[in-house]
Structures are given as C-alpha cells and as structure tokens.
Amino acid sequence: MNTVRNINCAGKRVLLRADFNEPLIDGVVQDDARIRAVVPTIEFLLQQNPTSIKILTHLGRPEGRVVEALRTAPLAKALSKYVTDPRVEVLENVRFNPGEETNDKAFAQELAAQGDLFVNDAFADAHREHASIVGLPTLLPSFAGLLMEKEVEALTAALTPPPGSVAIVGGAKFETKIPLITRLLEHYDTVLLGGALGNDLIKARGMPFGASLVSAEPVPVEIAINQKLLMATDAYFGEEGKKIERVSTIADIRAHERIVDIGPITAGQWSERVSQAPFVVWNGPMGIYEDGFRAGTDALATALAQSQARAVVGGGDTIAALSKCSFDPARVFISTGGGAMLEFLANGTLPAIEALKNSKGTL
Ligand code: ADP
Ligand code: MG
C-alpha cells in the first residue's frame with residue numbers, strides 16, 4: 001500500500017476520503033473523535049502545499065437522496081475547531097448520490113474530476129465496496145492516509161500475536177463471526193467468548209441456556225470442540241418484565257431466564273487472563289450493554305487498562321467501556337473501525353486496502 005508518506009502533493013488537488021460519520025443532535029456534532037482522528041493526515045498534507053484538500057465523507061443513511069438533516073455543514077464546522085486553512089473543504093454527503101453505494105463508475109468519475117490524487121483515511125469504511133472507497137483508486141493515483149496506515153499496522157500485529165495472547169469477542173450474530181473466530185483460534189492461545197456469542201457456545205456444548213438469545217444456525221462442531229475457546233461459567237440471568245437479575249452458575253439457569261451478562265466469577269477469571277497476556281485483541285460487549293448490563297464488559301476494560309498488555313480494541317460498546325478507564329494510548333490501540341476491524345481480522349485485508357494496492361498511477 002502506498003501511503004501519503006511517499007508523495008509530494010505540492011500544487012495538486014487532493015481528494016481525501018474520511019469517515020466523519022458522527023452522531024448529530026439538532027445539527028451539532030456530539031463526539032468529534034472520528035474527525036480528530038483524521039486531523040494529522042490533513043496537517044501532514046497541508047505541509048506539502050496542495051492547492052486544495054476536498055474531503056469526502058458519508059453521514060448517516062440517506063439512501064441515495066438529499067436529506068437536509070444529513071448535510072455535511074455541521075461536520076465542516078466541527079473540523080474548523082482543528083483546521084482553519086481555507087484550502088480545506090468538506091464536500092457534500094457522498095451517500096446523497098445512489099452511485100456511492102452501488103460503486104457506480106460515472107459517480108466515481110464525477111468525484112475523481114475534483115482531484116489530481118486520492119487519499120483514503122476512512123478506515124471505518126474500508127470494508128465497503130463503495131465508489132468513494134474502491135472506485136476512486138481505479139481512476140486516480142491513490143494513497144493511504146496516516147490513520148489508515150496506523151490501523152492496518154495495529155491490526156496486522158493483532159494477526160501475529162506473541163504466545164499466551166488473548167482474544168475476546170462479544171456482541172451478537174454468531175453466524176457472521178464464524179470466519180473471525182476461526183481465524184482467531186489459529187493465532188491466539190485463548191479466545192474468550194461473551195455476549196450473545198457466548199450463549200451460542202453454551203448451547204453448542206450442551207449446557208442449558210434458558211430463554212437466552214441464540215442464533216438460528218448452530219455453531220460448527222470444529223469450533224465448539226476447540227479447547228482454546230472459553231465460555232462463561234457463571235452469568236447474570238434476567239427475566240422478561242422483572243427489574244432484578246440474579247447471578248448463578250450457567251447450569252442453574254431456569255427455562256424462562258435469559259443470560260444478560262457474564263457473571264462475576266467469570267469476569268474475575270477472564271480479567272486475570274487479560275492481566276497476564278502479552279497481547280489482547282477485543283471487540284464486542286460481554287452483556288446487553290445498552291440495557292445497563294455492563295459489569296462484565298467494564299471489569300475486563302478495567303483489567304486491560306491496568307495491565308501491561310499491548311492491545312487492539314474496537315466496537316462501540318467496548319470503546320465506551322474502555323473510555324471510562326485511564327490507560328496508555330501507546331499500549332492500547334483503539335480502532336476506529338467496528339465492522340472493518342472484524343473483517344480485517346477475519347480476512348487479513350479489506351476492499352479499500354486492495355484497491356489502494358492495485359491503484360497504478362503515480363505522482
Ligand atoms: P456492534 O453493535 O458493536 O457492531 P454486535 O452487533 O456484534 O456489535 O453486538 C452488540 C449487541 O450484542 C448489543 O446490541 C447487545 O445487546 C448484544 N448482546 C450482548 N450480550 C447479549 C446477551 N447476553 N443477550 C442478548 N444480546 C446480547
Ligand atoms: Mg451491531
């Protein structure tokens with residue numbers, strides 16, 4: 001992959017794809033982390049004296065038409081806190097055009113006409129085969145931005161962890177995470193499975209799971225029998241319509257109860273493993289985080305923050321849990337990609353990365 005470190009864009013028009021897809025309330029950006037993450041790339045490019053830097057981003061899901069509430073003006077305003085150079089401009093939401101998500105050639109050409117070179121720093125969208133991600137590199141000399149470079153480096157390291165490393169996967173939809181779990185089992189000595197994914201393993205291993213959320217598809221046998229894969233031994237059980245949950249061993253679950261979080265014994269044992277690991281990769285919550293079942297996820301986040309382990313962490317709930325702790329950012333890398341992180345770990349590459357590698361033009 002060619003990166004912005006290899007170019008000189010003096011006198012050139014730069015098209016920069018970023019992911020500024022930030023939550024807005026009443027037209028105001030609530031959290032500018034994604035915007036801040038691209039500022040180093042913008043500053044790096046500005047030092048080379050380009051004529052313009054036009055930033056492409058999507059915002060929300062306008063589904064191919066103009067949606068007033070999803071215009072990019074609030075994003076430009078949020079960026080102006082960090083970058084005031086008049087050569088930098090945020091273009092309109094790429095998803096206003098139906099050609100973005102279908103990777104339409106004519107739309108990509110329309111975008112390409114506004115630049116002499118393309119820089120992709122939108123790691124969070126690197127798994128999407130959209131015009132502004134994989135179309136542009138077929139039309140312009142193309143380079144990875146500094147954020148893209150950092151993400152790829154961190155996640156590549158996560159695919160060659162030292163012995164004794166621990167992977168933690170939570171959240172839901174087991175069937176979509178089979179390639180990921182298979183890959184992690186090849187590289188990690190321990191894979192801890194929590195959240196609804198853990199329920200699937202509990203079921204596959206013949207334990208009772210009550211009314212817990214499980215996938216329709218069964219866990220493949222070769223995964224279920226893998227001894228590196230660990231599931232919770234105790235859990236918080238919740239019941240429809242009841243406020244109070246109870247904690248007990250998995251075997252003790254009643255038919256109408258559902259697992260809402262890993263239990264304190266499991267959280268303690270898994271925290272211990274995290275504390276002793278040289279490297280940890282983690283994506284996904286251990287419980288129904290948005291409903292307040294956070295104890296398991298928060299316990300692991302605290303253990304990771306206080307450990308010496310190097311780590312790569314991603315996914316909204318997981319980042320939220322870790323953000324409540326103080327840790328050394330040089331040791332723990334927070335990925336800006338949720339889906340992109342999972343897909344990179346499962347496949348070792350992403351459509352955006354392949355597109356940058358295949359981009360022929362030079363400057
Ligand atoms: P993300 O939404 O961050 O991409 P996922 O979609 O894979 O991650 O998983 C998050 C979802 O997993 C959350 O909505 C959470 O409620 C759900 N989840 C976690 N643990 C459980 C559980 N024990 N039972 C049901 N759902 C769970
Ligand atoms: Mg999800």
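Both counts, for ligands and for their atoms, begin at 1 and track the order of listing.
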As a test of understanding, state which of Lys12, Arg13, Lys54 forms a salt bridge (Lys or Arg N to Asp or Glu O under 4.0 Å) with Asp116. Arg13
Test item, Arg258 contacting ligand 1 (heavy atom, 4.0 angstrom): no
For Gly315, is the nearest heavy atom under 4.0 Å from an atom of ligand 1? no
Hey, is ligand 1 close enough to Gly170 that some N/O pair sits below 3.5 Å? no
Would Ala196 count as being in polar contact with ligand 1, using the rule that some N or O on each side must be under 3.5 angstrom apart? yes
Can Arg246 be said to sit on top of Phe237's aromatic six-ring, NZ or CZ under 6.0 Å from centre and within 45° of the ring axis? no
Begin with the C-alpha distance, continue with both residues' side-chain angles, and end with the deciding distance and a verdict on salt bridge (charged side-chain N to carboxylate O under 4.0 Å, His left out) for Arg254 and Glu239. CA-CA 10 Å; Arg254 297 173 192 143; Glu239 221 175 304; 5.5 Å; no
[X]: numbered ligand 1 atoms lying under 4.0 Å from its heavy atoms:
X: Ile259; answer: 22 (C), 23 (N), 24 (N)
X: Leu213; answer: 25 (C), 26 (N)
X: Lys177; answer: 5 (P), 7 (O)
X: Ala172; answer: 5 (P), 7 (O), 9 (O), 12 (O)
X: Glu290; answer: 13 (C), 14 (O), 15 (C), 16 (O)

Using the rule given for salt bridge (charged side-chain N to carboxylate O under 4.0 Å, His left out), can you reason through Arg17 versus Glu100, listing the C-alpha separation, both sets of side-chain angles and the distance that settles it, and then say yes or no? CA-CA 12 Å; Arg17 177 61 158 100; Glu100 166 66 358; 3.6 Å; yes
Using a strict threshold of under 4.0 Å (side-chain N to carboxylate O), is an ion pair present between Glu354 and Lys357?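 Yes, charged N to carboxylate O under 4.0 Å.
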Test salt bridge (charged side-chain N to carboxylate O under 4.0 Å, His left out) on Asp298 and Lys324; report intermediate values, then the result. CA-CA 9 Å; Asp298 287 347; Lys324 293 190 278 182; 3.0 Å; yes
Is it the side chain, the backbone, both or neither of Ile288 that has a heavy atom closer than 4.0 Å to ligand 1?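 Both backbone and side chain of Ile288 come within 4.0 Å of ligand 1.
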Is it the side chain (CB and beyond), the backbone, both or neither of Lys173 that lies under 4.0 Å from ligand 1, heavy atoms counted?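 Answer for Lys173: side chain.
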What's the verdict on salt bridge (charged side-chain N to carboxylate O under 4.0 Å, His left out) for Asp261 and Arg294, showing C-alpha distance, side-chain angles and the deciding distance? CA-CA 7 Å; Asp261 198 358; Arg294 301 183 175 169; over 6 Å; no
Are Val169 and Trp270 in one and the same hydrophobic cluster, where Ile, Leu, Val, Met, Phe, Trp and Tyr link if side-chain heavy atoms are under 4.5 Å apart?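 Not linked; separate clusters.
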